*Asks:* 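So that we are looking at the same thing, I have put the structure below in C-alpha cells.
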Amino acid sequence: MSSLRDKDAGSPAVPETEQTEVWKSEFGREYTDRNTFDTKALDELYRKNYGVIRREINERSLRDIAKEASLGNQLLLLQQMGYSNLSGVELQPYALEIARRRLPGVSLKSGSVLALPYADWSFDVVFTSGVLIHIAPDDLPNALDEIYRCSRTYIWGMEYYAPEAAEVSYRSHSGLLWKMDYAQRYLDRFPDLELVREQRLPYLENANVDTVFLLRKRC
C-alpha cells in the first residue's frame, strides 16, 4: 500500500454549530484536561472499561494495514505501534497546543470533522475515536462525507454504539452526545463501502457498548 502524507487543501472555514461553540470553549478545555493520558494510563482505562487494552483493540482492527500507511488521530499509541505517517485535526485550541507538544513530527492542524483541511484521498486510513458521538444528527452526514472524501481506502472508527440513534445527557448538558450504529450509517450513505470487521465492546461496569469498525472502499 502506498503511503500518502496529506495533500493540503488549505484551511476551510469551520462551520459553526452549537457543538463546535461548546467544544472550543472552557468546557472543551476542561474535557482535554480530564482526558489527556499517556499510553499506560490509556491502557489501564480501557482494561477497566472493557477488560482489554487499547493496543489490542488497535492491533485487531489494523492487522491488514501497513505500518507506513498514512493515519490520523489516536496518534500517540499509533506512533508507539510503529505507524509514522500520522496527521491529526483538533478543534479545541488548548488541546491542539498540548498535542503539538506531545507529538513532535506529527502533522497537526486546527480544524473540524465538518470541514477537514485536506484534499480528497489524502490518507490511506481516516480514523475517529469518540468524535462522531459529539456530532449532532443533522450535521452527521456532513461529517461522514468529509471523512469519506479524505480517505483513499479505509475508514476506522471507535464510537458509542446503539442499534437506534439516541441522545445521552453529558455532564448535565443536552445536545452534546449521541450513540447509534455508526458503521451502518456509513454503509447506508456510501454504497461502495464494505465492512471489513467490527468489534462490539460492552462496558464491564454499566450497560453501555462501544463499536470498533473498519470499513474499506471497494474501488
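If you're wondering where the values come from, they're calculated on a predicted model, not measured in any experiment.
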*Asks:* Going by the rule side-chain contact (heavy atoms from CB on, under 4.5 Å), which residues pair with Asp188 if we only count those two or more places apart in sequence or in a different chain?
*Replies:*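 Gln184.
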*Asks:* For Arg200 and Val209, indicate whether the former's side chain and the latter's backbone hold a donor-acceptor pair under 3.5 Å.
*Replies:*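 No; zero donor-acceptor contacts below 3.5 Å.
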*Asks:* Should Asp192 and Lys217 be marked as a side-chain contact (heavy atoms from CB on, under 4.5 Å) after you check the CA-CA gap, both sets of side-chain angles, and the distance that decides it?
*Replies:* CA-CA 6 Å; Asp192 66 326; Lys217 293 182 176 180; 4.2 Å; yes
*Asks:* Do Ile155 and Tyr186 have side-chain heavy atoms sitting under 4.5 Å apart?
*Replies:* yes
*Asks:* Among Leu91, Val89, Leu96, find the residue that satisfies the side chain to side chain contact (heavy atoms under 4.5 Å, CB included) test when tested with Ser110.
*Replies:*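 In the set Leu91, Val89, Leu96, the residue that makes a side chain to side chain contact (heavy atoms under 4.5 Å, CB included) with Ser110 is Leu96.
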*Asks:* If I take atom OG1 from residue Thr211 and atom OH from residue Tyr182, how far apart are they, to the nearest 0.5 angstrom?
*Replies:*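 Answer for the OG1-OH pair, Thr211 versus Tyr182, is 11.0 Å.
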*Asks:* Between Gly175 and Glu167, what is the shortest heavy-atom contact and its length?
*Replies:* N-OE2, 2.5 Å
*Asks:* With heavy-atom distances below 4.5 Å as the criterion, would you say the side chains of Leu195 and Phe213 are in contact?
*Replies:*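 Side-chain contact under 4.5 Å: yes.
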*Asks:* Holding to salt bridge (charged side-chain N to carboxylate O under 4.0 Å, His left out), I want the full list of residues that pass it with Glu146, two or more places apart in sequence or in another chain.
*Replies:* Arg149
*Asks:* Roughly how far, to the nearest 0.5 Å, is the CD1 atom of Ile53 from the CG atom of Asn58?
*Replies:*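 Rounded to the nearest 0.5 Å, the CG-CD1 separation comes out at 9.5 Å.
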*Asks:* Can you name the side-chain contact (heavy atoms from CB on, under 4.5 Å) partners of Ser61, sequence neighbours left out?
*Replies:*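 Partners of Ser61 by the side-chain contact (heavy atoms from CB on, under 4.5 Å) criterion, ordered by chain and then number, come out as Trp156, Gln199, Val212.
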*Asks:* Taking C-beta and beyond as the side chain, do Phe37 and Thr39 meet within less than 4.5 Å on heavy atoms?
*Replies:* no
*Asks:* For Tyr203, enumerate each residue passing the ring pair (Phe, Tyr, Trp, His ring centres under 6.0 Å) test, keeping only those at least two apart in sequence or located in another chain.
*Replies:*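 Once residues adjacent in sequence are excluded, the partners of Tyr203 under the ring pair (Phe, Tyr, Trp, His ring centres under 6.0 Å) criterion are Tyr50.
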*Asks:* Not counting sequence neighbours, list each pair that qualifies as a side chain to side chain donor-acceptor pair (under 3.5 Å) and has a residue in residues 171-181.
*Replies:* none
*Asks:* Please lay out, stage by stage, how Tyr161 and Asp210 fare under the test side-chain contact (heavy atoms from CB on, under 4.5 Å).
*Replies:* CA-CA 5 Å; Tyr161 171 81; Asp210 280 357; 5.9 Å; no
*Asks:* Under the 3.5 angstrom rule, does the side chain of Ser151 hit a backbone N or O of Ile147 as a donor-acceptor pair?
*Replies:* no
*Asks:* Got a donor-acceptor contact below 3.5 angstrom from the Glu205 side chain to the Asn49 backbone?
*Replies:*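 A pair under 3.5 Å: no.
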*Asks:* Who are the side-chain contact (heavy atoms from CB on, under 4.5 Å) partners of Glu194, not counting sequence neighbours?
*Replies:*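 Checked Glu194 against side-chain contact (heavy atoms from CB on, under 4.5 Å); matches are Arg216, Arg218.
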*Asks:* Can you sort out the partners of Arg55 under salt bridge (charged side-chain N to carboxylate O under 4.0 Å, His left out), two or more places apart, ordered by chain and number?
*Replies:* Glu59
*Asks:* Would you say the side chain of Leu76 lies within less than 4.5 Å of the side chain of Leu42, judging by non-hydrogen atoms?
*Replies:* no
*Asks:* Distance-only, no hydrogens or angles: does the Glu21 side chain make a donor-acceptor pair with backbone N or O of Glu16 under 3.5 Å?
*Replies:* no
*Asks:* Who pairs with Tyr148 by ring pair (Phe, Tyr, Trp, His ring centres under 6.0 Å), at least two apart in sequence or on another chain?
*Replies:*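 Ring pair (Phe, Tyr, Trp, His ring centres under 6.0 Å) check on Tyr148 returns Phe190.
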*Asks:* Anything under 3.5 Å between a donor and an acceptor, one on a side chain of residues 132-145, the other on a protein residue two or more places apart or in another chain? List them.
*Replies:*
unit_1	atom_1	unit_2	atom_2	d
His134	ND1	Leu176	O	2.8
Asn142	ND2	Leu114	O	3.3
Asp145	OD1	Arg189	NE	2.7
Asp145	OD1	Arg189	NH2	3.4
Asp145	OD2	Arg189	NH2	3.0

*Asks:* Quick one: closest heavy-atom pair of Tyr46 and Ser129, and the distance?
*Replies:* OH-OG, 4.3 Å
*Asks:* Suppose we screen for salt bridge (charged side-chain N to carboxylate O under 4.0 Å, His left out). Which residues come up paired with Arg60, at least two apart in sequence or across chains?
*Replies:* Glu56
*Asks:* For a 4.5 angstrom cut-off between non-hydrogen side-chain atoms, does Leu86 reach Leu103?
*Replies:* no
*Asks:* Same cluster or not: are Ile98 and Tyr31 linked, directly or through other Ile, Leu, Val, Met, Phe, Trp or Tyr residues, by side-chain heavy atoms under 4.5 angstrom apart?
*Replies:*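 Ile98 and Tyr31: separate clusters.
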*Asks:* To check you understand the geometry: which heavy-atom pair defines the closest contact between Thr17 and Thr20, and what is its length?
*Replies:* N-OG1, 2.8 Å
*Asks:* Can you tell me how far the CH2 atom of Trp121 sits from the SG atom of Cys150, to the nearest 0.5 Å?
*Replies:*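 Going from CH2 on Trp121 over to SG on Cys150, the span is 11.0 Å.
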*Asks:* First locate atom CH2 of Trp23, then atom OG1 of Thr32, and finally report the distance between them rounded to the nearest 0.5 Å.
*Replies:*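 Reported to 0.5 Å precision, the distance equals 8.5 Å.
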*Asks:* Quick one: CG on Leu214 to CZ on Arg197, what's the gap to the nearest 0.5 Å?
*Replies:*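 The distance works out to 6.0 Å.
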*Asks:* Check the hydrophobic clustering (I, L, V, M, F, W, Y; side-chain heavy atoms under 4.5 Å; chains of links allowed) and say if Met81 and Val126 are grouped together.
*Replies:* yes
*Asks:* If the condition is side-chain contact (heavy atoms from CB on, under 4.5 Å), which residues does Arg29 pass it with, not counting sequence neighbours?
*Replies:*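 If we apply the side-chain contact (heavy atoms from CB on, under 4.5 Å) test to Arg29, skipping adjacent residues, the hits are Glu26, Gln92, Tyr94.
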*Asks:* Give a yes or no on whether the backbone of Val131 and the side-chain of Glu159 come within a donor-acceptor separation of less than 3.5 Å.
*Replies:*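 Present.
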*Asks:* Would you give the length of the straight line joining atom OH of Tyr83 to atom CG of Asp124, rounded to the nearest 0.5 angstrom?
*Replies:*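 If we round to the nearest 0.5 Å, Tyr83:OH and Asp124:CG are 10.5 Å apart.
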*Asks:* What are the two closest non-hydrogen atoms of Ser107 and Tyr118, and how far apart are they?
*Replies:* O-OH, 4.5 Å
*Asks:* Salt bridge (charged side-chain N to carboxylate O under 4.0 Å, His left out) with Glu97: which residues, sequence neighbours excluded?
*Replies:*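 With sequence neighbours excluded, Glu97 shows a salt bridge (charged side-chain N to carboxylate O under 4.0 Å, His left out) to Arg101, given in chain and number order.
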*Asks:* Dump the intermediate steps for side-chain contact (heavy atoms from CB on, under 4.5 Å) on Leu75 and Leu108, then the final yes or no.
*Replies:* CA-CA 10 Å; Leu75 300 176; Leu108 296 167; 3.5 Å; yes
